[in-house]
Each structure stands twice: as structure tokens, then as C-alpha cells.
Amino acid sequence: MPKTDKDHEALRHSLAHIMATAIKHLWPEAKFGVGPVIEDGFYYDIDLGKTTLSEDDLPKIEAKMAEVIKQDQQFERSEMLIDEAIAWAKSENQPYKLELLNDLKRQGTTLAREIDATDLGVAASAQSKVDKVSFYKNGDFTDLCRGPHLKSTKEAGAFKLTKVSGAYWRGNEKNPQMQRVYGVAFPTSEELEEYLKNFAEAKERDHRKLGQELDLFVFSDLVGAGLPLYTPRGTVLIDALKQALKDIGDKYDMLPVSIPHLGKLELYKISGHAEKFEDELFKVKSHYNQEFVLKPVNCPHHIQIYASQARSYRDLPLRYVEQTMQYRDEKPGQIGGLQRTRGFTVDDGHTFCRVDQIKEEAATIVNMIKEFYEQLGLWGDHWVSLSVRDKSDFSKYIGNESDWDKAEKMLAEVSDEHQLKAKRMEGEAALYGPKLDFMFKDALGRETQLATIQLDFAMPERFGISYVNSEGSNETPVIIHRAILGSFERFIMLIIEHFGGRFPLWLAPEQLRLISLNQEPEVLKTVSDMAKMAKGQSIRVAIDDTNESVGKKIRKAELLKVPYSIVVGDQEIKEGKVKPRARSDLSGTVSESLGFEDFLKELKKTL
RNA sequence: GCCGACAUAGCUCAGUUGGUAGAGCAACGCUUUCGUAAAGCGUGGGUCAGCGGUUCGAAUCCGCUUGUCGGCUCCA
């Protein structure tokens, strides 16, 4: 039975201490921050003053750790009164531990919710007032810690230090940056090997690698970082997804709209984006003394369409949708592959409705999202975040608090009624309202948000839009911002990695490849006629009639992960039958020998 | 933006302590006319990311810029 991360906690946390012990021996001036257990391993934050670590230092640390492990040091628990602990941190010259202890004394265990409780030497469930903290000692290294730990360093199992990076003290970019050393750890070397093997395989699925190998998208230094260029093959993916979204949108009575890619700065001043996201706006100067902004969002434009007419309560809900590119000047360090780009295509929708329609509208969107992801076999690979406001600081948001209360409550109800098992995330809301975010993981385990449903009581008010209710007086509608696949970039990243480039037939950039056996005129003509027939059936077909061996041409098709290929030679011409070669993962494959027209018919059936 | 690493042919990568650049694949040409994952021979291709500096001499050392990668922070 596979062990859970919980079972590995003592092992991994002990290794964090062993690593700290090793680092303390190598760099005696080291000041320690926190060193918690994470998925598959652990890390420790360290301040080495002027010394900077690089990956080249990892083997040295690993060797020292091996020494510590060999010494069979016992992990011994002890307790101190909080004031004794503060004195200890001072005498040991550990300013970060001192800060934690002082905060612990002042705030009690509320701090344990901010910082991994293991590193505080108290149980998270402890009384709010903390008077005692626990320590663990191995060899000559003592650390504030809740535990539990292994008995001895000898039980440390198999580990590997994987990376080193900068990390802000207590996760705040205004604080000094420490150095974080990451490791992975498992009870046995077999499990570690297995993990490393899986990691290497995941790297093979990385969308950046496959994007190049399968010729789907490129970047250009001249165009700029974070601005993806889709090749003809990649554009097939975009178009196929757009069509799928259009189909599902039609089914649920969405109304397509279309807007230009910029708007006056004034528009974003009213929406609140100009102030809140000033650094991320691309500004465009007009010759005529006006300043424009490349749209970072679409809602203000869509709101203007709503505002163009007097609306009645009978008109609602109005569900505007659009697939369009938007632009954000992301910080250089955040840009990477298709995960975060500076121009990205969203499937953006804004539903204008009455308060009494919110639940039904949100529920409809949940159904669309579910249907879309189920179709691709991705439903279930996700978790849902009920992103609510940070109660301690309302100045980060627009609108009024009683509307926020209402909105948060309704989203929670929708989540419950649809069994989304949403996790409540404090402080994760958008500036105008709470949201339900659907989170997925990329091949390397990094999380990314795709689908989203966001309630907004604030923006309608800022723009002063209204509808006439049944009593003839004006009321302010609610906006539900929604995306099904989020951004096409992220979504394409996800499906490339999910399918490892072996797209289902309906998404495959090239569905069928016809390979000529040789260069005989009759063979070439047959291949070309067959391609015409396939095109007539709307099959994405390509011809390989190059002067290469059949083996090589098959290999080329396989490397491009083309679902079906057919070799055409004298035999096929004589018999009037083809033997399709199907990509190995395809289910319901067509592979027996049959007439080409029949093959096309069968192919259409599996689409 | 911050910490760290990196940038050599279209792609993947060699290139010793500083002495004017190589391979495989791809491309192109010729030969071959082939039966389901690489036929043979040949040819072309590089301002060593860009700019500046040190040096008799820089792919190699230093600085800046651009870009990429691993994290941190942020993400309407």
C-alpha cells in the first residue's frame, strides 16, 4: 500500500534538520529561518550573509549530511519556557528564530496558521497563549521544532538535494531574501529512484519541449518575451478549442460579442484596474492627445455593450461571451512558456443578471465547465478554490462589505450543491468579488488556475449600469465573470502535458498522413487523389512523398504523433485497399485492411 | 521585480589553462525506387545572443542589455 506524505513527515522533517546540521558545520555563521516538509521532500531557508549557494554546492552538503547520518545522532526532545527560548535564540545569534519566538509570545498560535507549525515548537491546536515551546537536538545542532522526528539520524532513508533558490523571509517581498535549499526524500532508495524517474518522464512531457518538437508554437526574441506565436499546427489546436467552446456556448444560450483590443485609460480608471494594476498596463499613446490601454481584461468593454440600451428585468440574464486576446505587462521573472504570457487569449464571459438569478447562472456555468472538462477526460484532475476576501484589510477591494458577504455565501452554496468540495481560501478573492477557481497541475506538479466563476457587485455600480425592475424603478445588475478554459495558452499547456502530445483525433493538428512507397507517377497520383478525398471529408491530411525509405517516413510520422498513417504503393493500388497504421494509444482504432473510402467513414465515426 | 544558473549551426550538444569553431540530426544536391520507427555519398550553413571593456590575442575573463531555465513574490 502506498504511503502517504503524512507517513513521511518525520523522515522529511528530520532530514531538514540533518541538512541544517550539515550547513551549520560547513558555514558556522548560518542563520536559520524555517524548514518545513513539503510534497515529496523538504526545504530549509538559510541566511549565509555574503555567501551565495549554487547547485554546485549541493553535493558538498549531501556529503556532509551523509556523515551526520552515519554518526547515528539521536533526536532528543526538550521543552523551554518561551522566555528561556527567546534567551536561547539571542545567545545562539539566530535572529529569525528570535523573531518567530517573539511573535509567538505576542500572537500565540494564530501565528501557527501563518507559518508551518512544525517550525514553531508548538502544536497548532495548542491554547492561543503559548508559554512553552519544544526543541529537538541531534549531535551539536538544536532547533526550535514541534516534531515528531525519527529516533536517530541513521533512519534517514534516501534523499537528494534538488535545487537552491532565493526565498523571501516569511514570504514577503519587502523582507530580506534568504537562500532556500530543496530536497526530496523517501524511506527507501527504490522509492527515491522511482520518484526521480517519474520526474524525468514528466520533463519529457513539458509543453515547452513538446511545443517545439511537435511544431505547435514558438517565441521570438524580436517579438518579445511572453508573446507566443502559434504555428499552423498550433493554430489547429486553438481553432478546435474555439469551436468546442462555441458549441457549448450555443447550447447554453451565450451571446457572442466582439470588441477592439484597446480602450481609453479613462475606462480603466472607472473600472478600478488602472489604479490597482498600474504596473501591468500596456499604455498606448495616440497622436491626438489621448492615452489608450491595451485591454488587460474585457469586462469594461462588455459593460459598455450592456450600457448601450435601456435594460428591463425581463432582458436578464444577458450572457456575453468572447474569445479574445488580452495583454498584461507581467514582470519578466514570471513569464515562462505558455504558463504566464504577456498576451493571452481568454474565453471570457460576462453574465449580467438579477440577484435572484445568481445561483442559477453560476450553476449553469459550473455545468458548462464540468461538461467541457469531462469531454477531455480532465475532470477530477483538479481542486476548487472558493476564493474569499481578506477580512483584515478591505481596502484591497472595491464595493461594500455587505454585498461581499452575500456573494461569498452564494458561491459557497453553489459549490456545496454541485459537490465541488471547494476549499475556502482567505484573501484570494479578485478585487471586485469572490470567486470559484478551478485549479490544475502541470506535468511538473505546478498549479495553475483555469476555469473560474467570479461574482461582482462592485463594477456595475462603478459604471452606473442598471435595469428597470417590475415596479418600474432602477436596479443595479450583478455581473458574473466566467471562463471555462481560462486562457488558451494555459489550457494548451495543460492538454499538451496531459496527453503527452498524443492528442485525441478531434484535436490532432494532423489526423492522417499519406506516405508514398516510392516516386512512381502512378503512386504519387494515387496519394494526391486520396488526399483530396480526405480533405473533402474535412480530415486534416498531409502527404509525405519525399524520396526517403518507408521506414524513415513512418518514423517521422510517429515522432510527430500523427494518429493515422497509410503507406500507399503498388499493392494498395492493385487491391484498392489500405492498411492504416494507428498510433498505439488510440482506442477504437481503425486498423484492418479496407477500402480508403470505408476507412474515411470509420475515421469520421471516431471523431 | 528579487536570488541563482545559463545562452555555440534550424534542433540536441562538444570545444582543455585565452591562440580566429566541431559532431549527430535537420536542410540542399546526386545515387537509390524502397513495404511500416533512421538507405548511401556529397554540399552549404555560425558577427559563438547583443553591446562595451581587459589583453598582442576573447566563444573562453569582466561589465551592461536582451532572452531562457529553477525558485521566491505577484497574478484583475
Side-chain angles (χ1 to χ4, degrees), chain A residues 43 45 48 52-57 162-182 203 206 208-209 212-213 215 218-226 268 271-277 279-281 295-300 326 328-337 339-340 344 346 348 387 396-398 428-433 435 437 444 446 448-449 452 454 456 458-459 481 483 487 490 513 515-520 523 546-560 565-572 579-582 584:
Chain A
Y43 69 77
D45 284 348
L48 291 178
T52 54
L53 294 176
S54 78
E55 316 240 314
D56 301 337
D57 294 311
T162 49
K163 53 199 171 196
V164 50
S165 79
Y168 298 106
W169 167 237
R170 297 176 81 165
N172 186 332
E173 68 180 320
K174 291 189 182 83
N175 286 342
Q177 206 160 22
M178 307 182 74
Q179 302 192 62
R180 180 171 293 178
V181 183
Y182 287 90
K203 269 192 157 160
D206 189 313
R208 291 166 295 195
K209 185 170 155 61
Q212 185 187 67
E213 287 174 4
D215 186 25
V218 294
F219 289 92
S220 152
D221 286 5
L222 275 176
V223 173
Y268 298 100
S271 72
H273 293 100
E275 191 197 352
K276 183 95 183 172
F277 299 103
D279 295 343
E280 281 87 44
L281 294 182
K295 64 182 165 80
V297 289
N298 304 299
C299 25
Q326 56 191 40
R328 296 176 188 178
D329 196 5
E330 300 286 356
K331 296 176 186 171
Q334 337 264 47
I335 293 169
Q339 145 67 28
R340 186 88 72 94
F344 57 102
V346 288
D348 205 1
S387 305
K396 289 193 262 189
Y397 308 103
I398 56 182
E428 294 290 315
L431 97 133
Y432 45 68
K435 38 182 197 159
D437 287 328
L444 298 173
R446 294 177 291 204
T448 196
Q449 177 217 305
T452 184
Q454 313 181 351
D456 181 359
M459 226 179 289
H481 306 248
S487 89
R490 280 186 187 175
R513 177 165 288 208
I515 294 171
S516 72
L517 179 70
N518 54 36
Q519 314 289 111
E520 296 299 336
V523 170
T546 53
N547 184 11
E548 295 288 351
S549 65
V550 174
K552 182 134 171 193
K553 288 195 265 193
I554 290 289
R555 180 181 149 80
K556 257 166 122 177
E558 288 283 346
L559 289 175
L560 279 171
S565 42
I566 293 177
V567 175
V568 181
D570 312 332
Q571 206 178 303
E572 283 72 20
K579 280 198 292 284
R581 179 189 169 98
S584 59

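Throughout, protein chains are lettered first and strands after them, A, B, ... in sequence-line order, and every chain is numbered starting at 1. Predicted model only: the values in this text are computed from it and were never measured.
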Colleague: So, A:K579 side chain and A:E572 main chain: donor-acceptor pair closer than 3.5 Å or not?
Modeller: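 Answer holds: no.
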Colleague: Determine the Euclidean distance between corresponding C1' atoms of B:G18 and B:A58; express it in Å to zero decimal places.
Modeller: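 6 Å, rounded to whole Å.
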Colleague: With a 3.5 Å distance limit and no angle check, can you tell me whether A:R328 reaches the backbone of A:L281 through a side-chain donor-acceptor pair?
Modeller: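 The answer is no, because no donor-acceptor pair under 3.5 Å joins these two groups.
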Colleague: Scan nucleotides 40-43 of chain B against the protein and return all N/O pairs shorter than 3.5 Å with their distances rounded to 0.1 Å.
Modeller:
none

Colleague: Going by side-chain contact (heavy atoms from CB on, under 4.5 Å), name the residues that satisfy it together with A:L48, two or more places apart in sequence or in a different chain.
Modeller: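 Counting only residues at least two positions away or on another chain, A:L48 forms a side-chain contact (heavy atoms from CB on, under 4.5 Å) with A:I23, A:W27, A:A30, A:I46, A:T51, A:L53, A:Q179.
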Colleague: Any heavy-atom pair between the side chains of A:T448 and A:Q339 that's under 4.5 Å?
Modeller: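 A:Q339 vs A:T448: side chains touch.
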Colleague: Can you name the residues that form a side-chain contact (heavy atoms from CB on, under 4.5 Å) with A:Y168, not counting sequence neighbours?
Modeller: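 Residues passing side-chain contact (heavy atoms from CB on, under 4.5 Å) with A:Y168: A:E173, A:Q177.
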Colleague: What does the list of N/O pairs under 3.5 Å between the protein and nucleotides 45-47 of chain B look like, with a distance for each?
Modeller:
none

Colleague: Sugar-phosphate atoms are those with a prime plus P, OP1 and OP2; base atoms are the rest. Using that split, label each nucleotide of nucleotides 70-76 of chain B B, S or - for protein heavy atoms under 4.0 Å, 5' to 3'.
Modeller: BBBBBBB
Colleague: Among B:U36, B:C34, B:A39, which is the nearest nucleotide to the side chain of A:K579?
Modeller: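 Selected nucleotide (nearest to the side chain): B:U36.
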Colleague: For A:S565 and for A:G224, locate the closest nucleotide of RNA chain B by heavy-atom distance; then report the residue assigned to the nucleotide nearer the 5' terminus.
Modeller: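 The 5'-side residue here is A:S565.
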Colleague: On a plain distance test, is the side chain of A:E572 in donor-acceptor contact with the base of B:G35 below 3.5 Å?
Modeller: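 Yes, the side chain and the base share a sub-3.5 Å donor-acceptor pair.
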Colleague: Take A:S516 and A:K553 through the side-chain contact (heavy atoms from CB on, under 4.5 Å) test and state the conclusion after the steps.
Modeller: CA-CA 9 Å; A:S516 72; A:K553 288 195 265 193; 3.3 Å; yes
Colleague: Between A:Y432 and A:H481, what is the ring plane arrangement, given parallel below 30°, perpendicular above 60°, and tilted in between?
Modeller: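 Parallel, since the angle between the ring planes stays under 30°.
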Colleague: What are the two closest non-hydrogen atoms of A:W169 and A:N175, and how far apart are they?
Modeller: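 Distance-wise, the nearest heavy atoms are O-ND2, 2.8 Å.
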Colleague: Taking all atoms of both residues into account, what is the closest heavy-atom pair of A:R513 and A:A557, and its distance?
Modeller: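 Taking every non-hydrogen atom into account, CD-CB, 3.7 Å.
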Colleague: Of the nucleotides B:A27, B:C34, B:A38, which has the atom closest to the A:K556 side chain?
Modeller: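 Taking heavy atoms from C-beta onward, the closest nucleotide is B:A27.
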Colleague: Map every base of RNA chain B to its dot-bracket character, where paired means a Watson-Crick or G-U wobble contact with both distances under 3.5 Å and | marks a partner outside the strand.
Modeller: (((((((..((((.....[..)))).(((((.......))))).....(((((..]....))))))))))))....
Colleague: Both A:F219 and A:T52 contact RNA chain B. Taking the nearest nucleotide for each, which residue is further toward the 5' end?
Modeller: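 The answer here is A:T52.
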Colleague: Could you tell me whether the side chain of A:N547 has a donor or acceptor atom within less than 3.5 Å of a complementary atom in the base of B:U31?
Modeller: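 Such a pair exists between side chain and base.
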Colleague: Please name the pair of heavy atoms, one in A:Q326 and one in A:V297, separated by the smallest distance, quoted to 0.1 Å.
Modeller: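 Minimum heavy-atom contact is OE1-CA, 3.6 Å.
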